Amino acid sequence: MNIKPVLVAVAAVTVFAACQPSGRSTAKLTNATDSTSYALGVLIGDNQKQNIDQTPGAKDLNMDILVAAFEKQIKGEEPSISSEDARKIVQEYFQGMAAREADENTKKGEEFLAANKEKSGVVTTESGLQYEILTEGTGPKPTADQKVKCHYTGTLLDGKVFDSSVERGEPAEFPVSGVIPGWVEALQLMPVGSKWKLYIPGQLAYGQRGAGADIGPNETLIFEVELLEIVD
């Protein structure tokens with residue numbers, strides 16, 4: 001695990017903590033320097049919020065302790081933990097949190113897929129991909145070296161939509177081999193004109209790394225995919 005993004009996220013948490021409606025945020029903004037200091041904190045917080053959302057465990061930090069250590073270090077005072085030890089502690093903590101989240105997501109995904117495969121109309125492939133045919137197309141099936149145009153909506157197991165070309169009102173074009181493994185497999189099974197519901201286990205989706213603020217490590221994903229055409 002690269003510690004640098006984690007430290008950026010922690011720095012962002014510090015900024016947010018300083019802007020909370022208690023403690024330091026009660027200071028009055030009496031001049032341009034005060035207002036600029038506060039505004040800079042807001043802008044840094046805006047820019048780094050995604051890092052916090054994507055870092056498991058960052059929101060659980062004790063803000064009072066964090067801000068106190070931050071201020072002591074900025075002032076050049078002797079910290080209770082050396083910088084070298086601090087890096088090790090932070091790295092071990094966030095690695096542990098990420099591993100715990102990945103394990104939880106794997107378990108949830110396995111339980112869901114085990115129940116889902118028993119439903120009528122759901123097909124499970126050798127890789128673990130599951131799909132359900134909503135509309136059967138009659139066109140050709142794309143190959144791995146071709147490009148396709150699709151409409152899709154992606155959701156988490158709790159139903160939250162994390163991406164949708166349907167909502168954007170514009171289909172997406174991409175190489176068959178340029179997407180997550182579950183899609184690569186499914187697209188080559190789908191005749192043009194088909195609409196399928198895909199149930200993709202974490203290892204065939206974004207794996208241990210997850211994606212963006214919504215998709216955690218080893219997260220099982222659900223997609224409704226309509227294969228519109230093979231693009232020349």
Side-chain angles (χ1 to χ4, degrees), residues 1-2 53-54 56 98-232:
M1 181 178 184
N2 186 353
D53 292 338
Q54 293 179 15
R100 188 179 309 166
E101 183 181 11
D103 289 343
E104 290 174 356
N105 287 338
T106 297
K107 184 178 179 181
K108 288 179 184 177
E110 288 174 348
E111 291 174 349
F112 171 84
L113 294 168
N116 193 61
K117 72 178 181 180
E118 302 300 328
K119 294 181 179 178
S120 177
V122 173
V123 178
T124 303
T125 71
E126 187 175 346
S127 70
L129 170 71
Q130 295 181 359
Y131 66 86
E132 181 180 358
I133 299 175
L134 306 179
T135 302
E136 183 63 89
T138 58
K141 297 178 182 178
T143 59
D145 59 350
Q146 290 183 304
K147 188 176 182 179
V148 295
K149 179 184 288 186
C150 296
H151 255 318
Y152 67 90
T153 297
T155 61
L156 305 178
L157 293 183
D158 63 6
K160 180 179 181 179
V161 175
F162 60 83
D163 191 14
S164 176
S165 68
V166 177
E167 291 183 359
R168 290 192 295 272
E170 183 177 354
E173 293 186 12
F174 45 81
V176 172
S177 60
V179 286
I180 58 176
W183 270 64
V184 174
E185 179 181 354
L187 287 170
Q188 295 178 82
L189 300 174
M190 296 176 67
V192 170
S194 295
K195 184 176 183 180
W196 287 15
K197 193 166 187 177
L198 308 180
Y199 307 92
I200 304 179
Q203 74 271 16
L204 298 179
Y206 292 96
Q208 188 74 26
R209 72 184 186 279
D214 294 323
I215 302 174
N218 294 348
E219 194 106 45
T220 294
L221 306 177
I222 301 173
F223 288 92
E224 283 196 5
V225 181
E226 184 177 7
L227 179 54
L228 301 174
E229 64 179 279
I230 298 172
V231 182
D232 292 334

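Because the structure is a prediction, the values reported are computed rather than measured. Residue numbers count from 1 along this sequence.
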Any side-chain heavy-atom pair of V225 and K197 under 4.5 Å: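 V225 does not reach K197 side chain to side chain.
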
Flag side-chain contact, heavy atom, 4.5 Å: T124 against L129: no

Heavy-atom closest contact (P201 atom, L113 atom, distance):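 Shortest heavy-atom contact: CB-CD1, 3.6 Å.
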
Closer than 3.5 angstrom, by distance alone: can the side chain of [X] be matched with the main-chain N or O of [Y] as a donor-acceptor pair?
X: S194; Y: G137; result: yes
X: E104; Y: E101; result: no
X: N105; Y: P217; result: yes
X: Q188; Y: V184; result: yes

Partners passing side chain to side chain contact (heavy atoms under 4.5 Å, CB included) against T143 (at least two apart in sequence or in another chain): D145, Q146

Ring pair (Phe, Tyr, Trp, His ring centres under 6.0 Å) contacts touching residues 204-232 (sequence neighbours left out):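 As it turns out, the ring pair (Phe, Tyr, Trp, His ring centres under 6.0 Å) pairs with a partner in residues 204-232, which skip direct neighbours, are F162-F223, W183-F223.
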
Separation of L189 CG from T125 OG1 (nearest 0.5 Å): 7.5 Å

Within residues 223-232 or reaching into it, pairs that qualify as side chain to side chain donor-acceptor pair (under 3.5 Å) - sequence neighbours excluded: none

Donor-acceptor pair between N116 and Q130 side chains, under 3.5 angstrom: yes

